[in-house]
Amino acid sequence: MLPRLDAHVYRKTKYGADVFVLETGAAIDAEAEAMLQALHSRSTGGLIAHLKRLEEKGAANFMANFYVGYGHKSIGDCGTTTVFAEGISMLAAKAVQDWPLYSGQESSTRFVDFSRQPFLDVTGTGAGREIQEAWREFYLSLQAPVRQHLREKFPRGDGEDAKMWEKAIEARSFDITRAFLPAGATTNISWHTNLRQAADKLALLRHHPLSEIADLADAIEDGLRERYPSSFSAKRYEATETFNASIAQGHYYHRPWTPDFELTENTIRPDALAACCGILKSRPAKTELPRFLDDLGRIQFCFTLDFGSFRDLQRHRGVTQRMPLLTDEIGFHPWYLEELPEVQREQAKQILDIQRKRINQLGLSRELHQYYLPMGYLVSCHITGALPQIVYLIELRATRFVHPTLQMRAVQMAGMLDKLFGKCGLVLHLDSDPGRFDVRRGSHDITEK
């Protein structure tokens, strides 16, 4: 299919500038999109002239020559594509998303039917499968009693919509019971990326210590190579592959131990921050601090958090986070047990003890143990970033609409920032009652009308 010369929306400014909004699709795919932008850097002929050249020449040879052959990697930033991966483990989803420029979506555990959702048993043995099925059985057994317990704990208030209240109860129950789902439970993700970032990410992902993830990287790259052969034909260099393999195999996961909660680094000088007092005080709610404040330094928080909530925390790409290793060494987050009815709480303690012994008897590496450990176990979180990114994370997560275990950590970080920088004028726009059960949580859904 050839690109139409009118494949755009056109506007003209009062100062005479021409503005085109390109319509991408089958005729203008990621490589064609990249070529058009690259031509803009070498010619002032305009979009219409570039569309004519694209129609005459096509994008394949152009991308092979300039993006791959001559190493003009910025050209690859100009074309985007979307990859969908289905039936991958929670661990694989986090590995793909472990990238500063990741854009995409993941299936929420609140909207997956885990009575039928496959679990990935990497042992291929009856013992591994039995452990995962035991988690499934316990997870399903919790649904009815936990919801009834929540209805009694949070009765519907006057004027509250019955349907929304019930959905909020369901959301809360899923927030609690997800702790007993193994990380080997499967999910679906999308990954919207430009061509350059796809190649750079896959160059590391194909050496991942978990074979499921390395195999996934190969499958994604094979698909991209078939779809965009001119953009994924770069030569591989042995020294680079060896280096990337050593990083992935030896340094991908960081140590499982960490302080319960601690500010471990602060290079922001109060006197430098005080010079920006007017900015800090006048910032409205739902408004981000300007990025030039990154120059003032950075801060690092270290704390423990359950793996289920780490999955939400990891969505913040503006801060640096290492991937934690999911183990049973730090313990199971107590909040999940506290939220269960008394009978189910005692059952949970028993199954955690039994399953922990059964997992250790599998004789697997610590990396492979992750597939059988439930997501309520604590992991080590290290978050490093400049003030604007840390403030954004805190304000977004310290609310009643966020999972309580993550919300509590965000509130702690907010208190530390206020103690450090409140005198310098820093104002945090926080939820006044972050721990309150709010039925509006039931409206946080994507529904088709």
- Task: Not counting sequence neighbours, list each pair that qualifies as a salt bridge (charged side-chain N to carboxylate O under 4.0 Å, His left out) and has a residue in residues 372-390.
- Result: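 As it turns out, there is no salt bridge (charged side-chain N to carboxylate O under 4.0 Å, His left out) pair with a partner in residues 372-390 once direct neighbours are skipped.
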- Give every residue pair that meets the salt bridge (charged side-chain N to carboxylate O under 4.0 Å, His left out) criterion with at least one member in residues 389-403, sequence neighbours excluded. Arg283-Glu395, Arg400-Asp431, Arg400-Asp438
- With Arg11 via side-chain contact (heavy atoms from CB on, under 4.5 Å) - residues at least two apart: Val9, Val19
- Message: Does Lys12, at its NZ atom, have more than 12 non-hydrogen atoms belonging to other residues, nucleotides or ligands within less than 6.0 Å?
- Response: yes
- Task: May I ask you to check whether over 12 heavy atoms, not counting those of Arg345, lie within 6.0 Å of atom CZ?
- Result: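 Yes - once you tally the heavy atoms of other residues, nucleotides and ligands closer than 6.0 Å, there are more than 12.
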- Query: Can you name the nearest heavy-atom pair linking Asn188 to Gly87, along with the distance?
  - Reply: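 Minimum heavy-atom separation between Asn188 and Gly87: OD1-N, 3.0 Å.
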- Query: By ring pair (Phe, Tyr, Trp, His ring centres under 6.0 Å), which residues pair with Phe437, not counting sequence neighbours?
  - Reply: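 Ring pair (Phe, Tyr, Trp, His ring centres under 6.0 Å) list for Phe437, sorted by chain: Phe154.
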- Message: Consider side chain to side chain donor-acceptor pair (under 3.5 Å). Of Arg178, Arg409, His333, which one does Ser309 pass it with?
- Response: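 When Arg178, Arg409, His333 are each tested with Ser309, the side chain to side chain donor-acceptor pair (under 3.5 Å) holds only for Arg178.
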- Within residues 402-426 or reaching into it, pairs that qualify as ring-ring contact (aromatic ring centres under 6.0 Å, His included) - sequence neighbours excluded: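 Sorted pair list: Trp335-His403, Tyr336-His403.
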- Item | Listed once per pair and sorted, the ring-ring contact (aromatic ring centres under 6.0 Å, His included) pairs that draw on residues 260-282, sequence neighbours left out | Phe261-Phe301
- Step by step, work out the side-chain hydrogen bond (donor to acceptor under 3.5 Å, both in side chains) result for Thr327 and His369. CA-CA 7 Å; Thr327 73; His369 269 183; over 6 Å; no
So, [X] side chain and [Y] main chain: donor-acceptor pair closer than 3.5 Å or not?
X      : Y      : answer
Ser173 : Ala171 : no
Thr186 : Pro118 : yes
Glu212 : Ser89  : yes
Thr193 : Gln197 : no

- Query: Can you tell me how far SG of Cys277 sits from CD1 of Ile279, rounded to the nearest 0.5 angstrom?
  - Reply: 10.0 Å
- Mind checking the CG-CD1 spacing from Leu205 to Ile220? Nearest 0.5 Å is all I need.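 Reported value, rounded in 0.5 Å steps: 6.5 Å.
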- Query: Are Tyr252 and His208 an aromatic pair by the rule of ring centers under 6.0 Å?
  - Reply: yes
- Is the gap between the ring centers of Phe114 and Phe180 under 6.0 Å? no
- Message: Quick check: do Lys94 and Gln97 have side-chain heavy atoms less than 4.5 Å from each other?
- Response: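 In contact.
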